[in-house]
Amino acid sequence: MFLQTILGFVATAATCLGASLQQVSNFGRNPTNIQMFIYVPDRVATNPAIIVALHGCGGTGQQWFSGTRLPSYADSNGFILIYPSTPNQSNCWDVQNPASLTHGQGGDALGIVSMVNYTIDRYAADRARVYVMGFSSGGMMTNVLAGSYPDVFEAGAAYSGVPHACFLGAPSATPFSPNQTCAQGLQKPAQEWGNLVRNSFPGYTGRRPRMQITHGLADTLVRPQCAFEALKQWSNVLGVEFSRNVTGVPSAGWTQQVYGDGTKLQGFFGQGVGHTPSVNEAQLLKFFGLIN
Ligand SMILES: *[C@@H]1O[C@H](CO)[C@@H](O)[C@H](O)[C@H]1NC(C)=O
Ligand SMILES: *[C@@H]1O[C@H](CO)[C@@H](O)[C@H](O)[C@H]1NC(C)=O
Ligand SMILES: *[C@@H]1O[C@H](CO)[C@@H](O)[C@H](O)[C@H]1NC(C)=O
Ligand SMILES: *[C@@H]1O[C@H](CO)[C@@H](O)[C@H](O)[C@H]1NC(C)=O
């Protein structure tokens with residue numbers, strides 16, 4: 001009797017410990033054998049939104065879980081976080097891979113979409129409120145997913161990334177690749193960047209993901225020009241023109257670039273900020289429409 005009471009107490013305590021990051025093994029088609037981790041908050045919303053959060057090169061899903069304050073926002077707002085993790089190519093996403101750059105073809109992109117589908121089915125999540133964010137290689141993959149799977153993602157936020165298909169034609173997209181043409185600021189006309197997105201899903205005429213692009217102006221690993229090129233690309237795809245710069249937003253040293261009225265496309269550039277700007281969760285979640 002005493003033992004049962006103890007065990008009952010332990011079981012209750014365990015459920016009170018709260019949600020944690022969990023690995024999911026069988027989540028569907030996964031051609032590159034990447035891993036899925038998920039964070040479902042204790043008080044998950046009904047019909048919850050989903051954010052896919054992508055680590056940078058050399059990182060893992062578990063590391064990125066503690067890399068931002070998104071989990072505590074999930075606790076208070078009830079959305080679900082998916083943390084994909086790649087063991088391949090120095091833990092960099094395959095953003096140069098034609099399979100990831102084509103809708104439904106394969107690559108890491110398809111595995112990540114399988115994770116989204118799994119989560120929608122398992123938790124009755126809201127298919128219309130699926131978002132993607134990422135840093136560095138994860139920022140690059142954010143642009144890749146927004147280009148190849150516009151039907152899956154409502155919006156994306158890329159930190160220190162490059163345009164969709166910027167690395168196409170390079171052997172890999174790691175910092176150790178001999179070809180850093182893209183990361184050093186490869187420039188193309190807006191129409192050409194836009195065509196690379198449209199060619200990733202020929203015949204698609206639906207809505208396109210809204211995009212938020214953030215970059216440090218002192219980044220030498222992935223040059224800020226890459227973010228200017230990404231803004232050119234999405235400006236062309238979304239059909240919104242540059243309207244104005246707002247200095248001091250969100251804080252001193254930062255400039256917000258507004259396209260149209262800013263609801264579809266915006267950029268943030270930090271003076272003196274290197275490759276690792278800290279993620280501004282509130283700014284990102286407001287843009288996604290998940291907080292006020
Ligand atoms: C990625 O790594 C996993 C685990 O080592 C391996 O099974 C898979 O074949 C790799 N995928 C690619 C595309 O290299
Ligand atoms: C995800 O779900 C959509 C809608 O059911 C489906 O069209 C698509 O093929 C699925 N993708 C994957 C990779 O499972
Ligand atoms: C280097 O990569 C770029 C894409 O990032 C590609 O256009 C170019 O052809 C590549 N150069 C060589 C020599 O492979
Ligand atoms: C807007 O801000 C960016 C980033 O600071 C800067 O590179 C660009 O020249 C500015 N554009 C205009 C029109 O002021």
Side-chain angles (χ1 to χ4, degrees), residues 23-36 50 52 55 57-58 60-61 82 84-128 130 132 137 141 144-145 148-154 160 171-174 185 187 201 203-204 206 212-219 223-232 235 241-259 262 265-273 277:
Q23 184 162 12
V24 177
S25 306
N26 297 306
F27 53 84
R29 289 163 69 204
N30 181 17
T32 52
N33 217 355
I34 56 176
Q35 296 157 353
M36 172 179 183
I50 298 172
V52 175
H55 65 73
C57 282
T60 63
I82 299 175
S85 200
T86 175
N88 306 314
Q89 300 184 93
S90 312
N91 309 98
C92 301
W93 301 104
D94 68 351
V95 298
Q96 83 295 343
N97 182 354
S100 274
L101 291 164
T102 312
H103 182 84
Q105 276 305 298
D108 295 343
L110 189 88
I112 292 167
V113 170
S114 294
M115 297 177 197
V116 170
N117 279 359
Y118 167 91
T119 305
I120 291 171
D121 291 348
R122 172 83 169 71
Y123 298 98
D126 188 353
R127 193 174 282 283
V130 179
V132 56
S137 181
M141 195 55 167
V144 167
L145 287 164
S148 297
Y149 295 92
D151 54 335
V152 173
F153 298 97
E154 203 278 319
S160 313
S172 74
T174 79
Q187 299 188 35
F201 192 177
Y204 179 76
Q212 185 184 68
I213 305 293
T214 303
H215 219 105
L217 288 169
D219 188 346
R223 300 271 175 190
Q225 188 64 40
C226 299
F228 296 137
E229 299 298 312
L231 287 168
K232 269 160 70 178
S235 164
E241 296 298 323
F242 171 75
S243 60
R244 64 188 186 281
N245 270 353
V246 191
T247 52
V249 174
S251 55
W254 285 83
T255 298
Q256 181 190 31
Q257 285 202 2
V258 181
Y259 284 72
L265 183 61
Q266 51 177 241
F268 289 98
F269 293 90
Q271 201 72 45
V273 176

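Just so you know, ligand 1 is whichever comes first in the structure, and atom 1 is the first atom listed for that ligand. Side chains included, hydrogens not; waters and symmetry mates left out as well; all remaining heavy atoms used.
- By the criterion of a heavy-atom distance under 4.0 Å, neither the backbone nor the side chain of Gln271 is placed next to ligand 4.
- In this structure, the protein non-hydrogen atom closest to atom 13 (C) of ligand 2 is Ser114 OG, 3.4 Å.
- Contact check for Trp93 versus Pro84: side-chain heavy atoms found under the 4.5 Å cut-off.
- Comparing Asp94, Asn88, Asn33 against atom 5 (O) of ligand 1, the shortest heavy-atom distance belongs to Asn88.
- The side chain of Arg127, and not its backbone, has at least one atom closer than 4.0 Å to an atom of ligand 2 (non-hydrogen atoms only; side chain from C-beta on).
- Nearest-heavy-atom check against atom 10 (C) of ligand 2 across Leu110, Ile112, Asn117, Val113 picks out Asn117.
- When only non-hydrogen protein atoms are considered, atom 4 (C) of ligand 1 lies nearest to Pro87 CG, 3.8 Å.
- Without hydrogens or angle criteria, Tyr149 side chain to Val144 main chain gives no donor-acceptor distance under 3.5 Å.
- Partner of Ile82 under the side-chain contact (heavy atoms from CB on, under 4.5 Å) criterion, chosen from Val130, Val24, Val132, Val52: Val52.
- In this structure, Gly28 falls outside the shell of residues with a heavy atom less than 4.0 angstrom from ligand 2.
- Within the 4.5 Å cutoff, the side chain of Thr174 has heavy atoms near those of the Cys92 side chain.
- For atom 7 (O) of ligand 4, a protein heavy-atom neighbour is found at a distance under 4.0 Å.
- Counting heavy atoms only, Asn245 comes closest to atom 11 (N) of ligand 4 of the residues Asn245, Thr255, Leu217.
- Using a 4.5 Å heavy-atom threshold, the side chains of Gln266 and Val258 count as separate.
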